[in-house]
Amino acid sequence: MNHEISQDSYAQALKRSQKIEQALSENPGQFRVLTGDRPTGSLHIGHYFGTLKNRVRLQNLGVDTWVIVADYQVITDREVLGDVRGNVLQLLTDYLAAGLDPEKTTIFTHSAVPALNQLMLPFLSLVSAPELERNPTVKAEMQAAGKTALGGLLLTYPVHQAADILFCHGNLVPVGKDQLPHIEQTRLIARRFNERYAGGEKYFPEPDALLARTPVILGLDGDKMSKSRNNTVMLRMTEAETAKQIKRAKTDSDRNITYDPENRPEVANLLTIAAECLDRTPESIAEEIGDKGAGTLKLLCADALNAHLAPIRARRAELESNPDYLLQVLRAGNERANEEANRTLAAVREHMGMVY
Ligand code: TRP
């Protein structure tokens, strides 16, 4: 079965994102960004070019930015918790190395913010089981996990995610296409809360998705990039490991390098990576290489990537030697998130007449 996000709603979200980009450059102060990740280990260049770089850009535009390390989401689709603490610290290391600044961006974890989690109770009262069961991303995750039945948390985690966004009144959520159904569910919950419990007052905002402007980076074999497929370049790799990975990348037999994502996706992918690093267009790089072949393209791509990642990797090494600092950052973020969540929960209880 294919659980696709409808092309219509994707096109609509893209158009809306372009409008929001305009508003962002004119008046960044009107937005509060909330986004996040599941902590399942360290990050690869797909994460970096697809989302992380964009978060750093938003932060540096002056947008109030919040990033959740969604530790409870780790157990939506797997029985094995793994080294969750180690994975959280790895993720945090990559965040800070890539340029998220804890003075400007609040980084926090689900499990340390009780009032955020409590919002899930009133929110669950606002959705029906069929609405939850219809979510295409949840269904796809169930299938990817090899399950035939939805676990309770897998079914309801989009409601939890609504709490992630709404506890801090986030109104802009940078995400990939797969997350659009969750944003839709969040908007529905905000709307219903306002109608049902807040007497029509617009207490919660109806947040917008902000879709990434960068093209999706594929794995080096042309498949989806993922650590388990060993088709990635991890941020934490050395320069030699990076060059080796790129050298192994799949290409095709045409020596003349052209940028043709439709017919030559693997070659286009290497051109895209190089273009992101060099701040050039993939077409201009293809033209420069011409008929020098895929070997030349790979060398250029590896050099560009290593040069681009060098400062990030240097910061990474520094951070890794200082776990106390990482914990300090996380605790400060958790403290801010708790203040915010407690304030919101108090207002919610007030709206619901549950103040004793
Ligand atoms: N579900 C998101 C993912 O897998 C991670 C996430 C958790 C998130 N909470 C969020 C994203 C809130 C945006 C907003 O990528």
Side-chain angles (χ1 to χ4, degrees), residues 3 5 13 17 20 31-44 46-52 54-55 58-59 63-78 84 87-88 91-92 94-95 100 105-113 116-117 119-120 123 132 135-142 144-145 151 153-190 204-212 216-217 224-228 333-334 337 340-341 344:
H3 305 299
I5 319 290
S17 289
I20 293 167
F31 294 103
R32 174 170 277 186
V33 159
L34 180 293
T35 186
D37 302 289
R38 299 177 185 197
T40 53
S42 55
L43 300 181
H44 53 60
H47 298 120
Y48 175 70
F49 290 117
T51 56
L52 202 43
N54 193 37
R55 290 180 198 169
L58 292 169
Q59 163 199 277
V63 184
D64 184 13
T65 304
W66 293 59
V67 177
I68 185 162
V69 175
D71 51 0
Y72 276 133
Q73 269 191 26
V74 173
I75 45 173
T76 51
D77 63 355
R78 66 195 73 192
V84 70
N87 287 341
V88 168
L91 185 60
L92 188 59
D94 282 332
Y95 282 170
L100 285 183
T105 294
T106 305
I107 306 171
F108 62 103
T109 52
H110 268 145
S111 60
V113 188
L116 180 160
N117 295 298
L119 288 177
M120 190 152 171
F123 286 2
L132 292 171
N135 185 312
T137 298
V138 167
K139 285 196 268 193
E141 284 170 337
M142 179 189 78
L153 189 59
L154 185 53
L155 178 67
T156 55
Y157 91 83
V159 180
H160 195 211
Q161 193 159 314
D164 297 348
I165 297 167
L166 297 177
F167 93 97
C168 67
H169 292 253
N171 59 5
L172 189 59
V173 191
V175 280
K177 182 181 171 190
D178 66 317
Q179 299 291 303
L180 289 176
H182 301 352
I183 310 285
E184 218 27 72
Q185 229 149 16
T186 299
R187 294 170 64 88
L188 194 68
I189 286 168
F204 284 121
E206 286 183 43
D208 277 304
L210 184 67
L211 290 164
V216 174
I217 307 280
K224 185 177 175 229
M225 185 172 278
S226 107
K227 208 167 23 173
S228 57
N334 283 336
E340 190 83 11
T344 299

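By convention here, the first residue in the shown sequence is residue 1. Ligands are counted one by one from 1 in listed order, and the atoms in each one are counted from 1 as well. Below, each value reflects all heavy atoms present in this structure, side chains not excepted, and no hydrogens, waters or symmetry copies.
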Among protein heavy atoms, which sits nearest to [atom], and what does the distance come to when rounded to 0.1 Å?
{"atom": "atom 9 (N) of ligand 1", "value": "Asp164 OD2, 2.7 Å"}
{"atom": "atom 4 (O) of ligand 1", "value": "Arg38 NE, 3.4 Å"}
{"atom": "atom 7 (C) of ligand 1", "value": "Gln73 NE2, 3.1 Å"}

I'd like to check which ligand 1 atoms, numbered from 1 as shown, lie under 4.0 Å from a non-hydrogen atom of [X].
{"X": "Leu34", "value": "12 (C), 14 (C)"}
{"X": "Ala70", "value": "7 (C)"}
{"X": "Val173", "value": "13 (C), 14 (C)"}
{"X": "Gln161", "value": "1 (N), 2 (C), 6 (C), 7 (C), 8 (C), 9 (N), 10 (C), 11 (C), 12 (C), 13 (C), 14 (C)"}

State whether Glu141 and Arg78 are salt-bridged, where the test is any N-O pair (Lys NZ or Arg NE/NH1/NH2 against Asp/Glu carboxylate O) under 4.0 Å.
->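 Salt bridge flag = no for Arg78 with Glu141.
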Audit row: Tyr48, Tyr95, ring pair (Phe, Tyr, Trp, His ring centres under 6.0 Å) steps and yes/no | CA-CA 9 Å; Tyr48 175 70; Tyr95 282 170; over 10 Å; no
Tell me whether the centres of the aromatic rings in Phe123 and Phe167 are closer together than 6.0 Å.
->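 They do not qualify: ring centres at least 6.0 Å apart.
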Looking at ligand 1, does any of its N/O atoms fall within less than 3.5 Å of an N/O of His182?
-> no
[X] and [Y]: side chain donor to acceptor below 3.5 Å:
{"X": "Gln161", "Y": "Gln185", "answer": "no"}
{"X": "Asp164", "Y": "His110", "answer": "yes"}
{"X": "Thr105", "Y": "Gln59", "answer": "yes"}

Pick one of side chain, backbone, both or neither for how Gln179 approaches ligand 1, counting any non-hydrogen atom pair under 4.0 Å.
-> side chain
Are Arg38 and Tyr157 in a cation-pi setup, meaning NZ or CZ lies under 6.0 angstrom from the ring centre and within 45 degrees of the ring axis?
->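 So Arg38 does make the cation-pi contact.
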